[in-house]
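Have a look at the structure below, then the notes.
We name chains A, B, ... by the order of the sequence lines, and we start the count at 1 in each one. Reckoned from all heavy atoms, side chains included, excluding hydrogens, waters and symmetry mates.
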2 protein chains.
Amino acid sequence: MSLRHAVLGLLSEAPASGYDLMKLFNATLSMVWPATQSQVYGELGKLTTAGMVEVTAHGPRGRKEYAITDEGLTELRHWLTKVEPSGPQRDDGLLRVFFLGIVTPLEAQTFLLHQAELAARTRAMCEQVDENAQWDDEMISVYGRIALEYGLRMSAAQEEWARWAAEQVTTAKARRASELAHAQHEGPGQGHETQGKDAEGPQGDETGGT
Amino acid sequence: MSLRHAVLGLLSEAPASGYDLMKLFNATLSMVWPATQSQVYGELGKLTTAGMVEVTAHGPRGRKEYAITDEGLTELRHWLTKVEPSGPQRDDGLLRVFFLGIVTPLEAQTFLLHQAELAARTRAMCEQVDENAQWDDEMISVYGRIALEYGLRMSAAQEEWARWAAEQVTTAKARRASELAHAQHEGPGQGHETQGKDAEGPQGDETGGT
DNA sequence: GCACGCATGTAATTGGTTACATGATTGC
DNA sequence: GCAATCATGTAACCAATTACATGCGTGC
């Protein structure tokens with residue numbers, strides 16, 4: 001239930017309307033906790049009912065400015081210090097890695113190098129934000145800087161990993177090729193290997209269907 | 001829609017029942033793409049309707065063994081090579097970092113060091129798996145090894161980051177303390193600082209939009 | 001007066017979690 | 001006979017996404 005806490009967190013810095021919050025989500029939290037407009041408005045309603053935020057001003061065009069209440073601040077502090085973070089899960093890039101065995105080594109490599117490229121781009125983006133931001137001494141920016149550093153380090157590690165992984169595939173491919181050449185001394189069959197699953201033996205029949 | 005592909009991926013290695021798949025999800029994909037029993041059975045139904053898997057055997061206790069079809073394999077390959085991975089998002093640990101300004105520096109540090117501890121535990125787990133596994137030369141294990149290495153590197157980087165971050169808070173705290181001491185020469189007002197929002201003024205009300 | 005940005009909301013659908021319900025087989 | 005494990009499914013709920021609907025205010 002962290003959308004709630006993201007909203008409370010943003011409101012803890014300054015009062016804002018739903019519209020403002022959407023801009024903040026897109027500007028600062030899009031990589032960490034994306035949210036849609038309908039979610040934000042919905043959550044503001046629920047938070048108001050729960051007494052964790054309240055409308056503090058009405059502006060033009062029906063604008064409602066929300067501010068966090070003491071109750072909301074208590075809840076936010078509780079979440080920050082007492083509730084165990086669950087950590088990231090569901091990485092559909094990594095999920096693909098598990099199944100790369102069913103495409104050709106070349107395709108697998110292409111995939112991994114593409115992942116490296118994406119990570120590099122993310123890193124570049126983080127670096128640019130880092131340079132453009134003015135990191136003053138204020139406490140508020142310390143944590144922004146720390147969060148950015150996370151992105152920086154993770155994307156760097158990801159890129160390195162992906163390049164390393166692509167190389168692993170090369171060496172594995174080479175090893176298999178040499179084994180194949182060696183096997184051909186005994187029984188040279190059809191020379192070229194087609195694409196397809198390379199892990200054949202264990203499970204009997206395959207793509208044949210019924 | 002990656003649950004679908006996780007199921008197809010597992011079935012591409014060997015036919016399995018829903019029950020088997022659940023064990024596989026818990027054993028090998030729990031960190032990457034967790035799934036619940038109801039999800040798995042539901043997805044098997046949808047995949048059957050879509051013609052991507054089929055029931056190939058009936059066992060005791062109503063057991064149904066599913067196998068991937070050519071259509072399913074095509075879909076899996078397409079997803080692996082043609083569909084852009086979206087990468088990880090929604091890290092509720094990192095989300096907390098953005099709002100650490102509202103708790104005391106000490107609490108923030110405690111949080112960060114705890115994160116380091118969690119990452120260290122994850123890394124230890126990965127290392128143990130690495131040792132216990134027998135990494136033979138087969139292609140099939142190359143990708144398992146690569147995925148594990150990802151976990152290894154990411155948790156290591158995460159731990160380092162968290163320790164670094166905790167230190168950043170120390171230095172920021174020290175700087176603020178010295179500034180406070182300096183300020184007291186001119187105007188020693190209310191001496192004790194309560195916990196609470198320390199970032200008050202800087203941004204007026206408007207944070208520029210896109 | 002018209003386009004653009006501000007501003008709020010609802011409805012429909014999908015994806016995911018938790019809990020419940022049921023029953024067959026195996027091993028002791 | 002009893003417990004553990006195998007095995008399948010449904011129902012209710014919550015979280016998130018997409019699409020739709022509406023209207024005011026400002027500046028040109």
Side-chain angles (χ1 to χ4, degrees), chain A residues 1-8 10-11 15-27 29-50 53 55-66 79 86-92 95, chain B residues 1-8 10-11 15-27 29-50 53 55-66 79 86-92 95 205-210:
Chain A
M1 234 203 350
S2 286
L3 171 70
R4 159 158 304 197
H5 301 109
V7 170
L8 287 174
L10 290 174
L11 287 178
S17 68
Y19 191 84
D20 293 340
L21 287 174
M22 270 316 294
K23 280 192 297 183
L24 288 171
F25 265 100
N26 291 331
L29 296 182
S30 60
M31 299 293 140
V32 174
W33 207 274
T36 60
Q37 188 231 42
S38 43
Q39 259 183 304
V40 168
Y41 283 108
E43 194 61 49
L44 281 171
K46 286 184 228 160
L47 283 168
T48 306
T49 309
V53 304
V55 177
T56 50
H58 291 267
R61 278 161 286 191
R63 177 193 168 95
K64 287 189 264 180
E65 198 169 71
Y66 293 87
W79 171 75
S86 68
Q89 36 186 203
R90 296 220 167 95
D91 184 328
D92 77 335
L95 179 63
Chain B
M1 233 196 0
S2 286
L3 171 71
R4 159 158 305 196
H5 301 109
V7 170
L8 286 174
L10 290 174
L11 287 178
S17 66
Y19 191 85
D20 293 340
L21 287 175
M22 269 317 294
K23 280 192 294 185
L24 288 171
F25 266 100
N26 291 331
L29 296 182
S30 60
M31 299 292 139
V32 173
W33 207 274
T36 59
Q37 187 230 44
S38 43
Q39 260 183 303
V40 168
Y41 283 108
E43 194 60 47
L44 282 172
K46 287 184 227 161
L47 282 167
T48 307
T49 310
V53 305
V55 177
T56 50
H58 291 265
R61 278 161 288 196
R63 175 190 169 95
K64 287 188 264 182
E65 197 169 71
Y66 293 88
W79 172 75
S86 68
Q89 37 187 202
R90 295 218 167 96
D91 184 328
D92 76 334
L95 179 62
D205 68 304
E206 202 58 32
T207 41
T210 44

Separation of D:dT8 atom C1' from B:L21 atom CG, nearest Å, is 13 Å

Review point. Is any side-chain heavy atom of B:L11 closer than 4.5 Å to a side-chain heavy atom of B:L47?
Key: no

Looking only at heavy atoms, the pair that brings A:L3 and A:Q39 closest together is CD2-NE2, 3.7 Å

From CD of B:Q37 across to P of D:dT8 the rounded distance in Å is 9 Å

A:Q89 CD to C:dG15 C1', in whole Å, measures 14 Å

* Are any of B:Q39's side-chain N or O atoms less than 4.0 Å away from OP1 or OP2 of C:dG15? -> no

Exercise for the section: Give a yes/no answer on whether the side chain of B:K23 brings an N or O atom under 4.0 Å of OP1 or OP2 in D:dA7. Expected result: no

In whole angstroms, the gap separating C1' of D:dA15 from CG of B:L3 amounts to 16 Å

### Task
Answer yes or no: does a side-chain N or O of B:R4 lie under 4.0 Å from OP1 or OP2 of C:dG16?
no

Note: for A:R61 and A:S2 on DNA chain D, the residue whose nearest nucleotide lies more 5' is A:S2

Item to check | Pairwise side-chain contact, A:L10 with A:F25, heavy-atom cut-off 4.5 Å (strictly under) | outcome: yes

- Query: Looking at C:dT18, does its base get a donor-acceptor pair with the side chain of B:S38 below 3.5 Å?
  - Reply: yes

With a 4.0 Å cutoff (strictly under), does any side-chain N or O of B:R63 reach OP1 or OP2 of D:dC6? no

message = A side-chain contact here means heavy atoms from C-beta on lying under 4.5 Å apart; do A:L95 and B:L29 qualify?
response = yes

Open item on the list: Strictly below 4.0 Å: does B:Y19 bring a side-chain N or O up to OP1 or OP2 of D:dC6?
Closed with: yes

The answer to which of A:T36 and B:G62 contacts DNA chain D further toward the 5' end, by nearest nucleotide, is B:G62

A:Y41 OH to D:dT22 C1', in whole Å, measures 13 Å

In whole angstroms, the gap separating P of D:dT18 from CE of B:M1 amounts to 13 Å

From the list B:R61, B:K23, B:R63, side chain to side chain donor-acceptor pair (under 3.5 Å) partner of B:S17 resolves to B:R63

Separation of D:dG9 atom C1' from B:M22 atom CE, nearest Å, is 14 Å

Here the distance between atom P of C:dC6 and atom CG of A:N26, to the nearest Å, is 13 Å

